[in-house]
Amino acid sequence: MERVFSGMRPTGKLHLGHLAGALTNWVKLQDSYDCYYSIVDWHAMMSDYEDPSMMRQNCTEVLLDWLASGIDPEKSCVFVQSHVHEHAELALALAMVTPLGWLFRNPIYKEQLRNIENRDIQNYAFLGYPVLMAADILLYKATIVPVGEDQDAHLELSREIARRFNHFFGENRLPEPQMLLTPTPKVPGTDGRKMSKSYNNSLLISEDSGSMWEKLRTMVTDPARIKRTDPGEPDKCPVWDIQKVFNNDQQELLEIAEGCRTAGIGCIDCKKKLNGHVDRVMAPILEKRRKYENSPELLSDILNEGAKRARKVARETMLELREAMGLLIES
Ligand code: ADP
């Protein structure tokens, strides 16, 4: 079975963008692939080292959101990156064959240097983010990596690093991973920008139904609809984008679009309908999350078991690579 690897950084509770843009797809992949899903805490540490006080709590939140969304530890290997030391070791090995120019030219790095203001990311580790990401994937010889379009440049670097490693240490030793683009478009947040933790505009997976409605109720809509009698344009409305993700009733969708364009319905009517669908989808997820929240021992068991499983593969790969690189193997 082909192997899938993907990860998320433990930076807090996950939102509906993560659910629709990644997790729903991850859940589907579990039935056809050997899936490795990692909470990549070293990646979070690269930028958040100044204040890692929430790191542990955040790992738990991510795990809870994953399990609630349907990631099944019986099917997938679910683990914390730092529990498997070989991630750090392989990152060091791959660093040998990664030219500095590739890292300095990385467009994601350049963009982050421009945009991240509240943290000091002028460190050696953060520059090497794509090297650790390559290690994450190549450690399991995963060939399929489900990620959003924003990760395109990083995955290309993973392939280039694998290729260069193979050039020095043996053809086809590391398979070049392919990106599996998740088809869902960007999910907007309550202010109409991309839903993101850093914009404080998120609808959380763990949101209870009361606060979900409060956020939906006050969410921005087509700015042209100021009064109830003003007609609107769904394609300019972020609420409509969320309707398309959660509302599976095609007839109702047509009626909402028509009602919006003719001012036949108001924004609140549209939002009430959306809230019903979000509630339907999220209620079982929330219930599952509550169950796991009350079983901390089960959560540790899942992570211990996942680390054990991951470590087995990781150790095999590293033994092979250490030999290939000409290191003295301890007997
Ligand atoms: P990380 O830092 O862990 O990579 P991100 O917040 O960048 O976390 O999100 C991880 C993945 O979740 C992204 O690559 C993307 O596929 C998906 N995602 C995040 N936010 C959204 C969104 N608003 N709409 C759609 N997909 C999203």
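In each ligand, atom 1 is the first atom listed, and ligand 1 is the first ligand listed.
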Problem - Atom indices of ligand 1 within 4.0 angstrom of G148 heavy atoms, with elements - result: 14 (O), 16 (O)

Handout entry: Nearest neighbour in protein (non-hydrogen) for atom 18 (N) of ligand 1
Key = G17 O, 3.7 Å

Problem - salt bridge (Lys or Arg N to Asp or Glu O under 4.0 Å) partner of D65, the single match among R289, K13, K288 - result: R289

Exercise for the section: Could you tell me how the ring of Y109 sits relative to the ring of F126: parallel (under 30°), tilted (30 to 60°) or perpendicular (over 60°)? Expected result: tilted

Completion exercise
Atoms of ligand 1 under 4.0 Å from any heavy atom of G21, numbered from 1 in the order shown, are 16 (O), 25 (C), 26 (N)

Handout entry: Enclosure of E297 CD (heavy-atom neighbours >12, cutoff 6.0 Å)
Key = no

Completion exercise
Nearest non-hydrogen protein atom to atom 20 (N) of ligand 1, with distance, is H15 CE1, 3.4 Å

Practice task
Could you tell me whether Y140 and H87 have their ring centroids closer than 6.0 angstrom?
Solution key: yes

Practice task
Of the side chain and backbone of H43, name the one, both, or neither that has a heavy atom under 4.0 Å from an atom of ligand 1.
Solution key: neither

Exercise for the section: Spell out, as yes or no, whether a donor-acceptor pair under 3.5 Å connects the side chain of E86 to the backbone of M318. Expected result: no

Handout entry: Heavy atoms from other residues, nucleotides or ligands near CZ of R228 exceed 12 (cutoff 6.0 Å)
Key = yes

Practice task
Could you tell me if any non-hydrogen atom of E149 lies under 4.0 Å from any atom of ligand 1?
Solution key: no

Exercise for the section: Going by heavy-atom distance to atom 6 (O) of ligand 1, choose the closest among R9, K197, H154, H18. Expected result: H18

Exercise for the section: Report yes if some heavy atom in the side chain of L19 is under 4.5 Å from a heavy atom in the side chain of I285; otherwise report no. Expected result: yes

Exercise for the section: Any atoms of ligand 1 less than 4.0 Å from a non-hydrogen atom of K186? List them with their elements. Expected result: 24 (N), 25 (C)

Practice task
Please determine, by modelled atom types, if H167 and R164 share a side-chain donor-acceptor pair under 3.5 angstrom.
Solution key: no

Practice task
Provide the number and element of each atom of ligand 1 under 4.0 Å from a heavy atom of K194.
Solution key: 20 (N), 21 (C), 22 (C), 23 (N)

Problem - Contact atoms of ligand 1, heavy-atom distance to M195 under 4.0 Å - result: 20 (N), 22 (C), 23 (N)

Exercise for the section: Counting heavy atoms only, name the option from D241, V187, D150, T182 that's nearest to atom 14 (O) of ligand 1. Expected result: D150

Exercise for the section: Specify whether the nearest protein heavy atom to atom 4 (O) of ligand 1 is under 4.0 angstrom away. Expected result: no

